[in-house]
Amino acid sequence: MANLCKTFVRSFATSAQRANVFNHVTVVGGGLMGAGIAQVAASTAHNVALVDQNNTILGKSMTSIQKSLDRVAKKKFADSPAAGEQFVRDTLARITPATSPITCVSHTDLVIEAIVEDLETKKKLFRELEALAPQHTIFTSNTSSLPIGEIAVASKRKDRFGGLHFFNPVPMMKLLEVVRIPATSDATFDKLLAFGKDMGKTTVCCKDTPGFIVNRLLVPYMLEAVRMVERGDASIKDIDTAMKLGAGYPMGPFELSDYVGLDTMKFILDGWHKSFPDNPLFKPSHLLDKLVAQGKLGNKTGEGFYKH
């Protein structure tokens, strides 16, 4: 895997300028992640179809994208407001909202699924897309916790299937985890890495392991902090202070948990525990379960480990 990444970097470093590896991208799911992916793809000269269930959702997505683009333009084109306005117009013009993937997928080069984190729902989507997409189209999922291989079983193009895990907020976060399953071809994987480069992201390579790289390390770290509180080893505030000042982290584990969402943490942990019941790192947390049951989910509800 490391050698593959190095070979890719060397081969593309010699190309000063080139066309994007994909011309047309279909993003299925207009939520926070999907809208962010669509925005960045369109701002890097990709034609994008943004698909969701109805025009109300898509209207909110497009409003969110425009507000985000306005912020980007204000910073990027501080000395030339007119150029910033043109950048926003051009980017928005490359995004086509759609309530069905049927017409979009028939001419797309890449599908990025960014819908609800439910395995059966994702599999149902890819079964439907399989019959609609051309043979060259590559399928990917933006899942943060579900195995790519289990999603890919719904498709007949496993050699053209992989994971593209973006981070929130997509326009700001530079990292993209590119994930391959055993069946993913080298040609497909190279194209996904190239797409990340086209998007202006720093890519890292990963096999289809639980949580990929970031979440596989981050979630157990946050959960161990919770277990320290459960054992009475230290307080929430002291643990956060220790990790910020002692480890140089921008946020402590409890601040980060509230930002991510305690329900999201529980969902990931429950899924991993079900798949790997003997792994002590994935053991459920009584305190986390209690807070989620009480509706204290973090920043989005005004209270989690902290009151906001």
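Everything numeric here is computed off the predicted structure, so don't read it as measured data.
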J.: Say whether, by atom type as modelled, one donor and one acceptor occur between the side chain of Thr63 and the main chain of Gly59 under 3.5 angstrom.
T.: yes

J.: Could you tell me whether a side-chain N or O of Asp198 sits under 3.5 Å from a main-chain N or O of Val21, the two making a donor and an acceptor?
T.: yes

J.: Less than 4.0 angstrom from a charged side-chain N to a carboxylate O is my criterion; do Lys300 and Asp263 meet it?
T.: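 Judged by the 4.0 Å cut-off on N to carboxylate O distance, Lys300 and Asp263 do form a salt bridge.
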
J.: Any side-chain to backbone donor/acceptor pair from Lys201 onto Val170? Under 3.5 Å, distance only.
T.: yes

J.: Could you measure the distance from the CG atom of Leu69 to the CD atom of Gln39? Nearest 0.5 Å is fine.
T.: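 Between Leu69 CG and Gln39 CD, I get 4.0 Å after rounding to 0.5 Å.
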
J.: On a heavy-atom basis, which atom in Ser68 and which in Pro171 lie closest, and how many Å separate them?
T.: OG-CG, 3.8 Å

J.: Rounded at 0.5 Å granularity, tell me how far CD in Glu113 sits from CZ in Phe126.
T.: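 Between atom CD of Glu113 and atom CZ of Phe126 there are 5.0 Å.
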
J.: Where the side chain of Thr140 meets the backbone of Val111, is there a donor-acceptor pair that is under 3.5 Å apart?
T.: yes

J.: With side chains defined as the heavy atoms from C-beta onward, is the minimum distance between Phe276 and Leu281 less than 4.5 Å?
T.: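 Contact flag for Phe276/Leu281 side chains = no.
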
J.: Mark yes or no for whether Thr188, through its side chain, and Thr184, through its backbone, hold a donor-acceptor pair below 3.5 Å.
T.: no

J.: Using only atom types and a distance under 3.5 Å, with no angle test, would you say the side chain of Ser257 pairs donor to acceptor with the backbone of Pro253?
T.: yes

J.: Any non-hydrogen side-chain atom of Asn279 less than 4.5 Å from a side-chain atom of Trp272?
T.: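 Not in contact.
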
J.: How long is the straight-line distance from CZ of Arg157 back to CD1 of Ile138, given to the nearest 0.5 Å?
T.: 9.5 Å

J.: Between NE2 of His46 and CE of Met199, what distance do you get to the nearest 0.5 Å?
T.: 7.0 Å

J.: Salt bridge or not for Asp186 and Arg180, using N-O below 4.0 Å?
T.: yes

J.: Looking only at atom types and distance, does a side-chain atom of Glu230 sit under 3.5 Å from a main-chain N or O of Ser285, one as donor and one as acceptor?
T.: no

J.: Can we say Lys124 and Glu120 salt-bridge, meaning some charged N sits less than 4.0 Å from an Asp/Glu carboxylate O?
T.: no

J.: Report yes or no: does Asp240 contribute a side-chain atom to a donor-acceptor pair with the main-chain N or O of Phe254 at less than 3.5 Å?
T.: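 Yes, because the side chain of Asp240 sits within donor-acceptor range (under 3.5 Å) of the backbone of Phe254.
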
J.: Evaluate the ring planes of Phe167 and His165, with Trp represented by its six-membered ring, and classify them as parallel (under 30°), tilted (30 to 60°) or perpendicular (over 60°).
T.: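 Geometry flag for His165 against Phe167: tilted rings.
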
